[in-house]
Novice: 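If you scroll down you'll find the structure; I have some questions about it.
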Amino acid sequence: MARKPARAPNDDIGEETRLKMYRTQVVIREAEQRAFDLFLQNLVKGTSHLSLGQEAVAAGFATAMNPGDLSFCTYRGHAHTLARGVSIEKVLGELMQRDNGLMRGKGGSMHLTSEEHGVMGSYAIIGAHLPIACGAAWRAQYKGQKDVSVCFFGDGTTNIGAFHEALNFAVIWKLPVVFVCENNLYMEYTPIEDVTAVQHPAADRAGAYGLEAVIVDGQDADEVYRAAQAAYAKARAGGGPSLIECKTYRYSGHSRADPAKYRKPGELDKWKERDPIKIYRERLLQFGIEQETIDKIDTEVRQVVDDATEKCKAAPQPPFELITRDVYADGGWAWRN
Amino acid sequence: MARKPARAPNDDIGEETRLKMYRTQVVIREAEQRAFDLFLQNLVKGTSHLSLGQEAVAAGFATAMNPGDLSFCTYRGHAHTLARGVSIEKVLGELMQRDNGLMRGKGGSMHLTSEEHGVMGSYAIIGAHLPIACGAAWRAQYKGQKDVSVCFFGDGTTNIGAFHEALNFAVIWKLPVVFVCENNLYMEYTPIEDVTAVQHPAADRAGAYGLEAVIVDGQDADEVYRAAQAAYAKARAGGGPSLIECKTYRYSGHSRADPAKYRKPGELDKWKERDPIKIYRERLLQFGIEQETIDKIDTEVRQVVDDATEKCKAAPQPPFELITRDVYADGGWAWRN
Amino acid sequence: MAELTYRDAVTRGIAQEMKRDPDVVFLGEDIAAAGGVFKTTVGLLEEFGPLRVRDTPISEQAILGAAMGAAMTGLKPIAEIMFSDFIAVCFNYLANEFSKHRYISNGQTKCPLVVRTANGGGARFGAQHSQSVENWCMMIPGLKVVAPSSPTDVVGLLAASVRDPDPVIFLEHKSLYPIKGEVPDGEIVDTIGTAKILRSGRDATITALALMVPRALEAAEKLKEEHGIDCEVIDVRSLVPLDTQTILGSVGRTHRLFTVEENPRLCGWGAEIVSIVADEAFYDLDGPPVRITTPHLPLPASDVLEDATIPSVDRIVDRVKRSLNA
Amino acid sequence: MAELTYRDAVTRGIAQEMKRDPDVVFLGEDIAAAGGVFKTTVGLLEEFGPLRVRDTPISEQAILGAAMGAAMTGLKPIAEIMFSDFIAVCFNYLANEFSKHRYISNGQTKCPLVVRTANGGGARFGAQHSQSVENWCMMIPGLKVVAPSSPTDVVGLLAASVRDPDPVIFLEHKSLYPIKGEVPDGEIVDTIGTAKILRSGRDATITALALMVPRALEAAEKLKEEHGIDCEVIDVRSLVPLDTQTILGSVGRTHRLFTVEENPRLCGWGAEIVSIVADEAFYDLDGPPVRITTPHLPLPASDVLEDATIPSVDRIVDRVKRSLNA
Ligand SMILES: Cc1ncc(C[n+]2csc(CCOP(=O)(O)OP(=O)(O)O)c2C)c(N)n1
Ligand SMILES: Cc1ncc(C[n+]2csc(CCOP(=O)(O)OP(=O)(O)O)c2C)c(N)n1
Ligand SMILES: [Mg+2]
Ligand SMILES: [Mg+2]
């Protein structure tokens, strides 16, 4: 069968990137779905915050990054961590608090960190990582390094003080940092509109920092990718920070404990019609990519998730000696002589 | 000599109110000037933050208040405290940390509080009192009481997290609170423009909370008074909060220790041309008030300040028994049995 | 008498006080429509309406600041901070504002409010959602600090906290929410500042708080059965005011002191108690006072690691036994 | 050797380290153009330029957050928090973020930063600008906490803090800024975690920190001259790591322990030291260990009241004398 043209006319993204973005979204979808299954089996410990439905945001921003760019995530950070190339096994292992986990079970699902992949941490105190991302960007600026710091957070985070301090700080110092608000309409269980003075929690605040209001369709990875590219380019060129609000929706509850009864009737179904992976499959076909290629990605990813699951189930618990390790830089915890 | 008409045509403020506002400004000017003299004599202890040059803001907002309205001030709160009718002796006594002080020397100059005058405290941690004022306003709303909570703070305060949280909170709950930013161009020693992403630190943030941007000439008590009246009326009518930015300038240093070398050349002189008391004297004359009446106020106030000074100098130190008093509501400090 | 969970006791305590006094209002994140992330406030919105039970944005400073301003002017707010770890983002209100304003104002103002929060470990939530922060609160002059260990104490101490004219930090232990206990019918009001001797004993005094109380009791049983060591167990219940009389009295009888603290070691509440006993009952002590604490490190998330970090029944048994046999 | 104020020693310490290492950067409110509200940073902007010495807005969370992000990725930031009381508005960074990230990440990340802040009373600034918050810092696992009492220690310990691979809270005492001392020429680098015996004595050990050190020394002189009591005075210098060997060694010789703490009593650092000594050196002690602290209350502004609140030379003398004569 003849191959359709890889690039449609006027397309700026291209096949290779699109396939990468597709695979990333499938990785997130499958890994998160597996995480959900595993905690139904009581194999995921503690809490867990899934990004099912929000995959396009993570995929778009990560795919547009260069190696060396830095991600700062929240407790809802599995997606962003996977999107930077961290292995599914390590992520699931951490959720299962096994020794093969990304932090060997010491951090848990809310704190995924992989320095070698540029995932500079997942922070579970709302808003705290926005100033931290500013600091990383300040380092880049000071050292003349060209990496961008990208900071992901939710709509609810726009109402905490640290958000405000970070935005002002980033602008006055013209830092190469990109703030990404994933507006999924809810904080934990409370609709964001009930507790926010403006309609667009991030975009309507941009002007308070002299920034442009940017709203992106968070269900369309291409749109996200383009917005990310523009913001990174601006940051790398010394143009300072951006604040981008992505409209999206989470399919699962806020965390493992949440049955999400607060949803408006029909809301979930309406959003599922614009499922990011569905949208992206159509996009790929539209740009001439074969169904087979797509199916192959799906199969491959599922296989990786299955393998990872087995490895995690077989992995040992972390050893007790980890408890007193790495409090301080000497590797130990001695607060006295 | 025939009395000139007390009200010029179309005037909305009237003689009585104007005389009150004038007297309030003179009280602040004279008392603050005296505080300055007293700390040159080493009779004012600790620190002190004067409002010389900013008198019109305090006078305008206080004069427009009803009894029962509540003021929440900062360390730079002498002006707002005096404007609510607290005696000069008590204020100077507190600055001198004497037993006749408003809090008998226990609080000091940064914490002037007079519940009976509606001065619900002066807060020395930047931004902390904005949420507190929201709480007082919430009580009024909940109890159906008609008082307004008025919260004064500086330009520098608009960059701290609590500012952001309070503004959003006040708007979503539609609280009867008025936020007054006295923009005197500097935080302590740093020009506000060097550290703020927008030109008008408060007004340019109003939109982030769905509020109208209001900028007022803080050197003109009438303008301030009108803005205050409008905001209070809106609050009392259930219309929710306002954020008002008053452009003003402080003549003295930030605090007693500060020679204010950071001023731009000529800046102080330029502002002194628009001295609020000078402007207001002219305004009174223009509305037909006699020079004599004005002079009499000046003389009276000076006398009160002189008398207060003598009383404070003669006042004893606070007794040691105060140290362990009023930590808890039982009047004591017992943390154990 | 009805059997109630610690979780439902929280709801009952709040409801009891809101029914009694219309000035009691309640605010926090996800507490109204959703009934709280720990389901401790289910039904309160329905019972008391949206003016008294209010959902807030994620603005902990606004929550505590608003509670303070309302308390200063005539309400009796209960504010929820979802996890006690988040006190760190609004610590200024505890450390500098509602704790100090009465003093600063020379007694003019008041701050009768309660901050309820889910404290402690055991849920495998990791370093930022599992801390025991009782010492963060105890060290601040002007606060009262309460931490119940049973459903009945939850109701009674919560009622006492709401009625208290001073700011009270009310630490609920998240691992105790599912435990059950018999709770008397009708209104329950306890007294803040009173410890309770839950088990009498002659050989040693063990002071404990919250989740550490059932563990200390179980350890005492084991010590008795397996080693013939007879421990008195005191549920401290209230760190401020601190019932030093009960503790000193007990040490005067047993001559040995152990503290079981979930907060990490340095400057924990046990240090304070040891320093009081060592000073005032030095000659009563027959051996060193010993602190059994979470080690001075952040909490690991993993279940096996977390369980090995927070004081366990076995650790208590072992430490007491070794110490008394030394 | 040159005579230097404690204030100028801060400047010298920062300058020494900024000269040595271009990755050392410095940020805070009014620290650059104005040279700091305590004039501890005069001339640094001129010497190191606006890229390394940066004025910030009043955004303490942004200051500490930015310091952390910079530290994690390769800089060695020094952040100033103007008054230590303001740690309360950015406490989350101390309590939950830079203290825990290395642990949370299983050793992947680092946070080599220094938070400098003006701590302590004596300036008649009242309850929100005079506190001693050493226990706020000491109680957080993952932090190091240093508090120098002399100009030489300021330079040496500040240098050590900047070079330390972990986050260090560096508490300067605002009432010590004007004191003078001889400071050696050339580079000075001290060691964190070491206490210093500043005066040998046989009858009792007094541990003190920062402003309490000169007071303890003066008290020791008086106790010797007026009452024949010979005290050993230890400048603790570093609360974390804590040099327990020096303290335990001293108590082993003197058999009595006093702590002189400026922090208010409950959960103060002295409680921690007492609890260590009472446990590990119980049989060395000839009498109760005694804590001399600021009482557990907010600080009054008035000079006479403030002086009567913070431990004074006379109070130390009196307490030690009464205790040893008991
Ligand atoms: C300071 C703080 N307050 C509250 C919480 C509890 N909490 C965790 S997630 C969350 C909701 C966050 O909403 P949003 O920012 O929209 O992110 P989302 O979870 O929707 O991705 C809340 C309130 C927290 N972790 N930290
Ligand atoms: C949280 C906090 N940070 C810093 C300070 C120190 N400080 C006191 S006043 C001030 C400047 C405030 O500027 P602005 O809000 O403009 O008020 P102004 O003094 O000009 O009236 C600063 C930084 C403080 N008191 N609290
Ligand atoms: Mg959300
Ligand atoms: Mg200002």
Side-chain angles (χ1 to χ4, degrees), chain A residues 44-47 75 94-99 101 103-111 123-128 154-163 186-192 194-197 201 254-255 257-258 261-262 317-320 322-328 333-336, chain C residues 27-39 42 45 50 54-63 65 81-83 85-90 92 121-131 174 264-267 294-310:
Chain A
V44 161
K45 306 293 172 56
T47 183
Y75 50 90
E94 191 63 29
L95 270 59
M96 292 165 73
Q97 305 184 341
R98 301 295 172 108
D99 199 35
M103 299 93 77
R104 302 184 68 185
K106 272 180 86 167
S109 79
M110 296 202 279
H111 297 296
Y123 298 80
I125 307 286
I126 293 292
D155 45 283
T157 303
T158 65
N159 290 326
I160 202 161
F163 168 87
Y186 294 89
M187 33 185 274
E188 294 209 0
Y189 313 147
T190 302
I192 192 66
D194 292 358
V195 292
T196 309
H254 166 74
S255 65
D258 169 27
K261 295 201 180 138
Y262 43 78
Q317 304 286 2
F320 290 124
L322 287 189
I323 293 175
T324 51
R325 241 197 242 163
D326 289 317
V327 178
Y328 293 113
W333 68 301
W335 53 268
R336 60 176 287 187
Chain C
L27 79 170
E29 294 162 19
D30 303 304
I31 56 119
V37 299
F38 294 105
K39 301 286 166 232
V42 175
L45 171 67
R54 298 196 76 160
D55 279 325
T56 69
I58 310 176
S59 307
E60 280 80 5
Q61 297 194 74
I63 293 170
I81 297 297
M82 194 186 286
F83 285 74
D85 315 66
F86 309 162
I87 285 178
V89 302
C90 49
N92 185 49
R124 294 72 175 92
F125 286 164
Q128 295 184 335
H129 281 68
S130 309
Q131 292 169 89
K174 64 176 88 69
R265 169 163 182 134
L266 295 187
C267 301
T294 297
H296 201 66
L297 36 81
L299 279 175
S302 142
D303 49 356
V304 291
L305 301 187
E306 188 181 32
D307 284 342
T309 306
I310 297 173

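Just so we're on the same page: letters track the sequence lines, and every chain starts at 1.
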Novice: Would you check if there is a donor-acceptor pair between the side chains of C/S59 and A/N159 at a distance under 3.5 Å?
Specialist: no

Novice: Run the side chain to side chain donor-acceptor pair (under 3.5 Å) test against C/E29 and tell me which residues pass, sequence neighbours left out.
Specialist: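 For C/E29 there are no side chain to side chain donor-acceptor pair (under 3.5 Å) partners, ignoring immediate neighbours.
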
Novice: For A/I126, is it the side chain, the backbone, both or neither that has a heavy atom under 4.5 Å from a heavy atom of chain C?
Specialist: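 Contact with chain C: side chain only.
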
Novice: In Å and rounded to the nearest 0.5 Å, what is the CE to CD1 distance from A/M187 to C/I58?
Specialist: 4.5 Å

Novice: A/Y262 versus chain C, heavy atoms under 4.5 Å apart: side chain, backbone, both or neither?
Specialist: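 For A/Y262, no heavy atom lies under 4.5 Å from chain C.
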
Novice: Mind checking whether A/Y189 and C/V37 have side chains closer than 4.5 Å, heavy atoms only?
Specialist: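 Heavy-atom side-chain distance check passes, below 4.5 Å.
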
Novice: Considering only heavy atoms, which portion of A/S255 lies under 4.5 Å from any heavy atom of chain C: side chain, backbone, both, or neither?
Specialist: neither

Novice: Quick check on A/I160 against chain C: is it the side chain, the backbone, both or neither that has a heavy atom closer than 4.5 Å?
Specialist: both

Novice: With chain C, which of A/P319, A/G156, A/A124 has the greatest number of heavy-atom pairs at distances under 4.5 Å?
Specialist: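 Looking at each of A/P319, A/G156, A/A124 in turn, A/A124 comes out on top.
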
Novice: Using a 4.5 angstrom heavy-atom cutoff, name the option from C/D85, C/L266, C/V89 with the most pairs to chain A.
Specialist: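 The candidate making the most pairs under 4.5 Å is C/L266.
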
Novice: What residues form a ring-ring contact (aromatic ring centres under 6.0 Å, His included) with C/F86, not counting sequence neighbours?
Specialist: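 Partners of C/F86 by the ring-ring contact (aromatic ring centres under 6.0 Å, His included) criterion, ordered by chain and then number, come out as C/F83, C/H129.
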
Novice: Go through the atoms of A/A257 and report whether side chain, backbone, both or neither lie under 4.5 Å from a heavy atom of chain C.
Specialist: neither

